[in-house]
Amino acid sequence: MANAIIETERFYIRPLIADDADGIFELDSNPNVHTYLGNKPIKTLIEAENVIRLIQKQYEDLGIGRWAIIEKSTGNFVGWTGFKYIVEPINNHVNYHDLGYRLIERYWGKGIATETAKACLKYAFEVLELDKVYGICDVDNTGSRNILEKCGLKLITRFNYDGIPHFWFKISNLDYQKLSATN
């Protein structure tokens with residue numbers, strides 16, 4: 001895939017494009033996907049197109065944003081992964097890279113989020129040469145917590161985000177290098 005930033009065994013990871021709108025709509029209109037995300041699923045294809053434009057603006061303004069996950073064997077849009085550069089304070093932190101992922105429900109439970117998030121961390125530390133990466137998840141979202149921990153992020157603290165208890169995770173470049181040396 002020509003515009004892939006990262007390639008894993010099963011997936012291409014690339015910038016979101018306008019043609020991903022149907023996939024974003026399937027992803028973000030599903031209430032189950034939004035269980036731990038404030039329960040605000042989108043309702044129209046226009047909203048999906050706006051999500052893509054917002055992320056594309058982050059690419060332009062901040063040099064980074066969430067990336068599409070494309071299944072190699074089918075070319076299907078699976079969800080997104082990667083980084084968002086956080087410019088508004090969260091848990092007393094600002095100007096940091098947040099690792100995230102979101103998958104269309106039929107792709108849950110197949111190791112996709114872990115596989116692609118690990119590839120993104122490798123890219124973050126080996127290509128972008130970031131010093132550290134953070135991740136957060138709702139304390140009840142055990143799936144997301146497991147993914148972050150499988151990727152080597154360490155639970156640092158618990159905090160309230162929009163009044164909801166969340167976990168705060170972190171991995172440094174040094175910790176990533178140590179993990180990589182043992183795997």
**Prompt:** For Tyr96, what residues pass the ring-ring contact (aromatic ring centres under 6.0 Å, His included) criterion, not counting sequence neighbours?
**Reply:** Tyr134, Trp168
**Request:** Locate the shortest heavy-atom distance separating Pro41 from Pro31; write the atom from each residue and the value.
**Result:** CG-CA, 4.1 Å
**More than 12 heavy atoms from other groups under 6.0 Å of CG on Asn92** = no
**Request:** Give the ring-plane orientation class for Tyr123 versus Trp67, where under 30° counts as parallel, over 60° as perpendicular and anything between as tilted.
**Result:** perpendicular
**CG-CD1 distance between Asn76 and Ile70, expressed to the nearest 0.5 angstrom** = 8.0 Å
**Request:** Using the side chain to side chain donor-acceptor pair (under 3.5 Å) rule, collect all pairs that involve residues 50-59, keeping only residues at least two apart or in two chains.
**Result:** Asn50-Arg53, Lys57-Asp61
**Message:** When you group the ILVMFWY residues by side-chain heavy-atom contacts below 4.5 Å and let the links chain together, are Ile156 and Val94 in the same group?
**Reply:** no
**Message:** Are the side chains of Phe169 and Cys137 in contact, using a 4.5 Å heavy-atom criterion?
**Reply:** yes
**Message:** Can you tell me how far apart CD (Glu7) and CZ (Arg14) are? Round to the nearest 0.5 Å.
**Reply:** 13.5 Å
**Request:** Grab the two heavy atoms, one from Ile13 and one from Ala119, that are nearest each other, plus how far apart they are.
**Result:** CD1-CB, 4.3 Å
**Request:** Tell me whether Leu179 is reachable from Ile147 by hopping between hydrophobic residues (I, L, V, M, F, W, Y) whose side-chain heavy atoms are closer than 4.5 Å.
**Result:** yes
**Request:** Provide the closest heavy-atom pair for Leu130 versus Phe125 in the form atom of the first, atom of the second, distance.
**Result:** O-CD2, 3.2 Å
**Asked** Heavy-atom distance under 4.5 Å between the side chains of Asp175 and Lys170, does that happen here?
**Response** no
**Item:** Minimum-distance pair of heavy atoms, taken over all atoms of Ile112 and Phe11
**Value:** CG1-CZ, 3.4 Å
**Asked** Between Leu155 and Arg145, is a side chain to side chain contact (heavy atoms under 4.5 Å, CB included) present by the stated rule, with each step listed?
**Response** CA-CA 9 Å; Leu155 177 58; Arg145 178 181 180 168; 3.5 Å; yes
**Asked** Quick one: which of Ile171, Leu128, Asp98 gives a side-chain contact (heavy atoms from CB on, under 4.5 Å) with Val133?
**Response** Ile171
**Note: Arg102-Asp28 ion pair, threshold 4.0 Å (strictly below)** = yes
**side-chain hydrogen bond (donor to acceptor under 3.5 Å, both in side chains) partners of Asn141, counting only residues at least two apart** = none
**Prompt:** Do Asn160 and Pro165 come close enough that some side-chain heavy atom pair is under 4.5 Å?
**Reply:** yes
**Request:** Rounded to the nearest 0.5 Å, what's the gap from OH on Tyr101 to SG on Cys120? Could you check?
**Result:** 11.0 Å
**Message:** With rounding to the nearest 0.5 angstrom, report the CD1 to NE2 distance, Ile136 to His93.
**Reply:** 11.5 Å
**Item:** Mutual orientation of the aromatic rings belonging to Phe83 and His97 [parallel < 30°, tilted 30-60°, perpendicular > 60°]
**Value:** perpendicular
**Message:** So, taking the atom named CG in Asn39 and the one named CG in Leu37, what distance separates them when rounded to the nearest 0.5 Å?
**Reply:** 8.0 Å
**Side-chain donor or acceptor of Lys72 paired with backbone N/O of Thr8 under 3.5 Å** = yes
**Asked** If only atom types and distance count, is the side chain of Arg66 paired as donor or acceptor with the main-chain N or O of Gly82 below 3.5 Å?
**Response** yes
**Prompt:** Under the side-chain hydrogen bond (donor to acceptor under 3.5 Å, both in side chains) test, which residues partner Asp22, sequence neighbours left out?
**Reply:** none
**Message:** Tell me if a side-chain donor or acceptor on Asn30 pairs with a main-chain N or O of Leu27 at a distance below 3.5 Å.
**Reply:** no
**Prompt:** In the single-linkage hydrophobic clustering (I, L, V, M, F, W, Y; side-chain heavy atoms under 4.5 Å), do Ile17 and Phe25 co-cluster?
**Reply:** no
**Prompt:** What are the two closest non-hydrogen atoms of Leu16 and Ala68, and how far apart are they?
**Reply:** CD2-CB, 3.8 Å
**Request:** Quick one: list whatever passes side-chain hydrogen bond (donor to acceptor under 3.5 Å, both in side chains) with Thr44, sequence neighbours left out.
**Result:** Glu47
**Cluster check Ile42, Leu103: I/L/V/M/F/W/Y, side chain < 4.5 angstrom** = no
**Asked** Same cluster or not: are Tyr36 and Ile90 linked, directly or through other Ile, Leu, Val, Met, Phe, Trp or Tyr residues, by side-chain heavy atoms under 4.5 angstrom apart?
**Response** no
**Message:** Less than 4.5 Å apart, side chain to side chain, heavy atoms only: is that true for Phe77 and Ile24?
**Reply:** yes
**Asked** Run the side chain to side chain contact (heavy atoms under 4.5 Å, CB included) check on Trp108 and Asn32 step by step: do they pass?
**Response** CA-CA 11 Å; Trp108 291 0; Asn32 294 333; 4.1 Å; yes
**Request:** Enter the distance from Glu9:CD to Thr116:OG1 here, rounded to the nearest 0.5 Å.
**Result:** 13.0 Å
**Request:** Identify the two heavy atoms, one from Thr114 and one from Cys151, that lie closest to each other, and give their separation to 0.1 Å.
**Result:** O-SG, 4.0 Å
**Asked** Tell me, do Ile86 and Asn95 make a side-chain contact under 4.5 Å, heavy atoms counted?
**Response** no
**Neighbour count >12 (heavy atoms, 6.0 Å) for atom CD1, Ile164** = yes
**Asked** Are the side chain of Glu115 and the backbone N or O of Arg10 linked by a donor-acceptor pair below 3.5 Å?
**Response** yes
**Sequence-distant partners of Asn91, side-chain hydrogen bond (donor to acceptor under 3.5 Å, both in side chains), two or more places apart** = none
**Request:** Start with the C-alpha distance between Leu153 and Leu121, add both sets of side-chain angles, then the distance that settles side chain to side chain contact (heavy atoms under 4.5 Å, CB included), and finish with yes or no.
**Result:** CA-CA 10 Å; Leu153 282 82; Leu121 280 175; 3.7 Å; yes
